[in-house]
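Once you've had a glance at the structure underneath, I'll fire off some questions.
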Amino acid sequence: MVSVFNYPTKILFGTGCLSELPNHLPSNSFQNCMLVTDEGIINAGLSDKVVRVFSESSTQVKIYSDVHSNPIEMDVYRGVDFFKNHGCDSIAALGGGSAIDTAKTIRFMVNHEPPLEQYDDAIGGDKRIIHAMPPMIAIPTTAGTGSEVGRSSVITLNSSGKKTVFFHPGMMPDLAVLDPELTTGLPPHITAATGMDAFTHCYEAYIVDEIHPMADAIALEGMKMIIQNLPTAVNNGQHLKARGAMLMAASMGATAFQKGLGMTHSCAHPLSAEFGLHHGLSNALLLPESIHLTNEKAQQDSLLSEKLNTVAKLFNEKSNSNDLSKLVTQFTDNLGIQLGLKNHGVKEENISKLSQLALEDQCHNAHPFAVSLDNFKTVYKKSL
């Protein structure tokens, strides 16, 4: 069954729902569409499926695939030139967070002057995003970032070498197409990594010390769905029900983290920028020790302790906050993710630089307590 609902993004969800896309395209647009994707998606034949569906609405499609797995500034500039040179009037993103984040950034840059770095959210760059943006739809092929329903993107800047957040409500896609059939070819290790990204989004959003009951409820349900469905999606990639649940949970995570994220993401971003590690994998490698440190601090914070207890009980009703780090470690290990930063090229001598970069990352500003440089060093060292 195909469902259509808004929260707040218009979402088209269900097995085979891609075929119904022409019935839901924004009116008076999508005559000449730029499809942002990557070579892996093209080689898998998924872009051909999307082009065929667009052809039913007489939409011409121009494919732009110059997107890195951790997107960089040049991907955006080249994309802006591509959009203008091909006379495009709209954008569609097909792929994981990299393709969707790149497309969202191209979306606002086609009508804004470079350099990109002036729009950095950390320096109030959102106030410079003032011009209209072309219509956009997002079609995720992974269940992790939830970028298809988000109002921000993450791009590595040339000048700093850092992953940088760009934010504006207008960056939210007009339509998200969540079709589990598009995710069945995802390899188990990518399924696991992207799934842990979604879990980290939900977990970090939930523990942020802000009043937002709706986001909290969404985050809790998202974690529950991931715990119940991610192992099945990893072990049986053709299981459409589990794949669909993971797509929904990923979108829920991105909806929930409008509350903010936390120190795990601040630790993960430098790993991707410095070592090229997949973002979801980076989160998975760092989450257990981040939880352990957070639980230590929670001994003096009854509300935070209660939240960690609640998360632990999603895994096991008899568990509490003291068990949570171990429970997440076991869950991650059972997904086939090899824990230990040393197994992914990180050495002890890298910790000082990584910790400083993590401290400079804005995500931890929303963590339920102030995170110090020594805290970051501890998490990295214990995650080795």
Side-chain angles (χ1 to χ4, degrees), residues 121-123 152 154 162-165 167 196-220 222-223 253-272 279 282-315 319-329 331-332 341 351-384:
D121 185 58
I123 60 173
S152 62
V154 180
K162 297 177 183 177
K163 285 199 165 192
T164 303
V165 175
F167 169 88
M196 287 306 298
D197 188 26
F199 183 88
T200 307
H201 289 161
C202 291
Y203 161 75
E204 291 204 301
Y206 180 63
I207 67 169
V208 168
D209 188 16
E210 296 287 347
I211 297 175
H212 200 321
M214 290 179 286
D216 287 345
I218 291 170
L220 279 174
M223 283 186 280
T255 300
F257 77 61
Q258 62 183 280
K259 274 184 71 182
L261 288 166
M263 69 173 301
T264 308
H265 269 75
S266 286
C267 286
H269 286 156
L271 285 182
S272 296
H279 175 64
S282 298
N283 276 325
L285 296 174
L286 295 159
L287 185 58
E289 290 302 333
S290 173
I291 290 174
H292 182 77
L293 176 68
T294 300
N295 185 54
E296 287 183 343
K297 298 287 187 179
Q299 305 309 311
Q300 289 79 44
D301 184 336
S302 60
L303 177 59
L304 179 56
S305 181
E306 181 181 344
K307 285 185 173 183
L308 295 177
N309 279 328
T310 300
V311 176
K313 292 184 185 304
L314 295 176
F315 288 93
S319 298
N320 58 44
S321 61
N322 294 323
D323 305 313
L324 183 54
S325 179
K326 183 177 180 180
L327 289 167
V328 171
T329 297
F331 183 74
T332 305
L341 293 175
I351 289 178
S352 291
K353 181 179 182 181
L354 289 170
S355 299
Q356 183 60 42
L357 291 171
L359 186 66
E360 294 169 4
D361 184 276
Q362 63 180 318
C363 285
H364 71 87
N365 293 335
H367 204 75
F369 55 83
V371 185
S372 69
L373 181 64
D374 284 343
N375 291 152
F376 284 121
K377 288 181 178 179
T378 296
V379 168
Y380 278 124
K381 188 169 183 178
K382 290 188 174 181
S383 298
L384 276 175

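Being a predicted model, the structure only gives us computed values, none of them experimental.
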Judged by modelled atom types alone, do Ser372 and Asn375 share a side-chain donor-acceptor pair under 3.5 Å? yes
So do Leu357 and Phe376 actually touch side chain to side chain, heavy atoms under 4.5 Å?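 Counting from C-beta outward, Phe376 and Leu357 never come under 4.5 Å.
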Lys163 side chain to His269 backbone, donor-acceptor under 3.5 Å: no
Measuring only between side-chain heavy atoms, which start at C-beta, is Lys313 closer than 4.5 Å to Thr310?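 Side chain of Lys313 against side chain of Thr310, heavy atoms only: no contact under 4.5 Å found.
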Side chain proximity check, Asp209 to Leu304, heavy atoms < 4.5 angstrom: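 Contact flag for Asp209/Leu304 side chains = no.
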Before giving the answer on side chain to side chain contact (heavy atoms under 4.5 Å, CB included), spell out for Tyr380 and Leu285 the whole-Å C-alpha distance, their side-chain angles and the decisive distance to 0.1 Å. CA-CA 9 Å; Tyr380 278 124; Leu285 296 174; over 6 Å; no
Write down the atom of Pro270, the atom of Ala358, and the distance for their closest heavy-atom approach.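 Reported closest heavy-atom pair: CG-N, 3.8 Å.
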Hey, is the main chain of Gly262 close enough, under 3.5 Å, to the side chain of Glu204 for a donor-acceptor pair? yes
Can you confirm whether Glu360 is buried at CD, in the sense that more than 12 heavy atoms of other residues, nucleotides or ligands lie under 6.0 Å from that atom?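 More than 12 within 6.0 Å, yes.
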With respect to Asn295, which candidate in Asn322, Asp323, Leu324 satisfies the side-chain contact (heavy atoms from CB on, under 4.5 Å) definition?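 Result for side-chain contact (heavy atoms from CB on, under 4.5 Å) with Asn295: Asn322.
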Side chains of Leu293 and Glu289: does their closest heavy-atom pair fall under 4.5 Å?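 No, side chains not in contact.
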So Leu271 and Leu286, do their side chains get closer than 4.5 Å, heavy atoms only?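 Heavy-atom side-chain distance check passes, below 4.5 Å.
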Determine whether a donor-acceptor pair (N or O, by modelled atom type, separation under 3.5 Å) exists between the side chain of Asn309 and the backbone of Ser321. yes
Is the shortest side-chain heavy-atom distance between Phe369 and Asp301 below 4.5 Å? no
Please report the interatomic distance OG(Ser290) to CD1(Ile207), rounded to the nearest 0.5 Å.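 So the gap between those two atoms works out to 6.5 Å.
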Taking the side chain as every heavy atom from C-beta outward, state whether Leu327 and Ser319 have any atom pair closer than 4.5 Å.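 Contact flag for Leu327/Ser319 side chains = yes.
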side-chain contact (heavy atoms from CB on, under 4.5 Å) partners for Val165, two or more places apart: Asp121, Ser152, Val154, Gln362
Go through His212 and Asp216 one step at a time and tell me if the side chain to side chain donor-acceptor pair (under 3.5 Å) criterion holds. CA-CA 6 Å; His212 200 321; Asp216 287 345; over 6 Å; no
Can you see which heavy atom on Met223 is nearest to which on Tyr206, and at what distance? CE-CB, 4.1 Å
Residue among His265, Met196, His292 satisfying side-chain contact (heavy atoms from CB on, under 4.5 Å) with Leu287: Met196
Do the non-hydrogen side-chain atoms of Lys297 and Thr294 ever get within less than 4.5 Å of each other?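 No, their side chains stay 4.5 Å or more apart.
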